[in-house]
4 protein chains.
Amino acid sequence: MQFKGEKAIYIQITEFVMEKILKDDWQADGKIPSVRDLGSELEVNPNTVMRAYDILQQQEIIYNKRGLGFFVANDAQRIISSLRKKQFIDVELPQFFNTINLLGISMEEINTYYLKQQ
Amino acid sequence: MQFKGEKAIYIQITEFVMEKILKDDWQADGKIPSVRDLGSELEVNPNTVMRAYDILQQQEIIYNKRGLGFFVANDAQRIISSLRKKQFIDVELPQFFNTINLLGISMEEINTYYLKQQ
Amino acid sequence: MQFKGEKAIYIQITEFVMEKILKDDWQADGKIPSVRDLGSELEVNPNTVMRAYDILQQQEIIYNKRGLGFFVANDAQRIISSLRKKQFIDVELPQFFNTINLLGISMEEINTYYLKQQ
Amino acid sequence: MQFKGEKAIYIQITEFVMEKILKDDWQADGKIPSVRDLGSELEVNPNTVMRAYDILQQQEIIYNKRGLGFFVANDAQRIISSLRKKQFIDVELPQFFNTINLLGISMEEINTYYLKQQ
DNA sequence: GTGGTCTAGACCACC
DNA sequence: GTGGTCTAGACCACA
């Protein structure tokens, strides 16, 4: 795993974790790696992992049992999906429509591109 | 105009200027505001405006006449459009398709949203 | 029973036990569950239950018979009540009055809320 | 300022800042101390102050202008008050009622205590 | 100058 | 063993 992109590492870790959960690599109510373990696996400071876990816990995607570690929340997949969909509908889609309007691209063209790349 | 978003202010200013040019608010070979004027209008440090003008000059969207100020390049609109279109086709569109596939959204849905927001 | 709050689990267990005693679920001189049994019921490590029993024993709310287990003290209810009442009058009530003053809430409002939740 | 209580320092700092705002020591749209300055004033690491500011920003009590610092949000006082009131009504008040019921204390008694301490 | 991120290392409570 | 907090110090982008 590489962390050289523009985004902050702790953000990339939240995405990494959500990906694991979506793919069922880490399952509901199952334990996820400790901050120390994931830190050494990803070659990152445990504090940085902690920061990612903190955010995921606020979003109720994972939860904590004292002294035992972090666990995948029961409806983690649902929360992740809805978070992503919300982000897409509210932010990315309007930007997308705005861009194609400015560039003078019609939805027909988009549909054509879509079929081509399938 | 607000500058509290995630993007750097100087980037937002380049976009602001390109917008003005595309909308013919600022026309070819016409003078654009001085860094001081635009700075005070946007409530931003002139240095920050200068940084934006610098970038636009490198892209040959505006040019400078010593002692007179900055002016819109002759083919500024063409350059902006092609820059954006290239960015859009090469980067944003594939990402967009990728995202809707991941979220399980069909092009039919996208078309529906598009009609709604018109 | 959930143990995800901020308070330490062993503290929550002492409160759980005192609750049982006050409600007469566990009666004077009656045996209370072994640390193993209560531990498995509450899905908690027996050591953690032991720590709670230790504290309750110091406060003479329960007592121990070698090889037999823990039992509810004769005047357990009285001890619990007086502990709580003292705590309440000395600490919680002044804090409570302080808070409602800060928030600008009158005792009339409090009385209204009280009637509503009955 | 002392930070010896049980609560985490960064929590105490959020409370410290909210107090300042409520008392109009720090006013709407006014700049608040930089993380470095407040850190050295409170004899605390700037990171710890940053963590507090982060939380206050999430709650939209303060906002950030890039490179300039943090500023008090326009309706910061309103947000703080409603946060506190919500916390009180939802959490503390039900606990309070629960406690007095368990201890067999009537609202009349509470009212009497209230009048006495005025 | 400002915040934002990250590391290394420490100490603590809790299980 | 686990997370939670905190410090010291570093580097970066931005204004």
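Worth saying up front: this structure is predicted, and the values here are computed from it rather than measured.
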To the nearest angstrom, how far is D:Phe70 atom CZ from E:dG1 atom C1'? 15 Å

Spacing of A:Ile62 atom CD1 relative to F:dG3 atom C1', expressed in whole Å: 11 Å

Quick one: sort the B:Phe96 and A:Phe96 rings into parallel, tilted or perpendicular, breaks at 30° and 60°. parallel

A:Tyr53 near the nucleic acid: base, sugar-phosphate alone, or nothing, with a heavy-atom cut-off under 4.0 Å? nothing

Round to the nearest Å and state the distance from C:Ile13 atom CD1 to E:dC15 atom C1'. 11 Å

Do any side-chain atoms of residues 54-64 of chain B form donor-acceptor pairs under 3.5 angstrom with protein atoms, and if so which ones, sequence neighbours left out?
unit_1: B:Tyr63; atom_1: OH; unit_2: B:Asp29; atom_2: OD1; d: 2.8
unit_1: B:Asn64; atom_1: ND2; unit_2: B:Gly69; atom_2: O; d: 3.4

Separation of E:dT2 P from D:Asp54 CG (nearest whole Å): 18 Å

Would you call D:Glu41 and D:Lys20 a salt bridge, using N to O less than 4.0 angstrom? no

Using side-chain contact (heavy atoms from CB on, under 4.5 Å), reason through B:Phe88 and B:Arg84 one step at a time and then give a plain yes or no. CA-CA 6 Å; B:Phe88 180 76; B:Arg84 285 207 181 174; 5.9 Å; no

Whole angstroms only, please: what is the CD-P distance between C:Gln12 and E:dA13? 18 Å

Nucleotide F:dT2, atom C1' - distance to CG of A:Asn64 in whole Å: 8 Å

What integer distance in Å separates A:Leu38:CG from F:dT2:P? 12 Å

Using a cut-off of 4.0 Å between protein heavy atoms and nucleotide atoms, how would you tag nucleotides 7-15 of chain F 5' to 3' with B, S and -? BBB----SS

Should the pair D:Lys65 and D:Phe71 be classed as cation-pi, given the thresholds of under 6.0 Å to the six-membered ring centre and 45° from the axis? yes

Rounded interatomic separation in angstrom, taking NZ from D:Lys7 and C1' from E:dA13: 18 Å

Which nucleotide, if any, forms a Watson-Crick or G-U wobble pair with F:dC14, using both distances under 3.5 Å? E:dG1

A:Val17 and A:Tyr53: CA distance, side-chain angles, deciding distance, side-chain contact (heavy atoms from CB on, under 4.5 Å) verdict: CA-CA 9 Å; A:Val17 171; A:Tyr53 280 13; 4.1 Å; yes

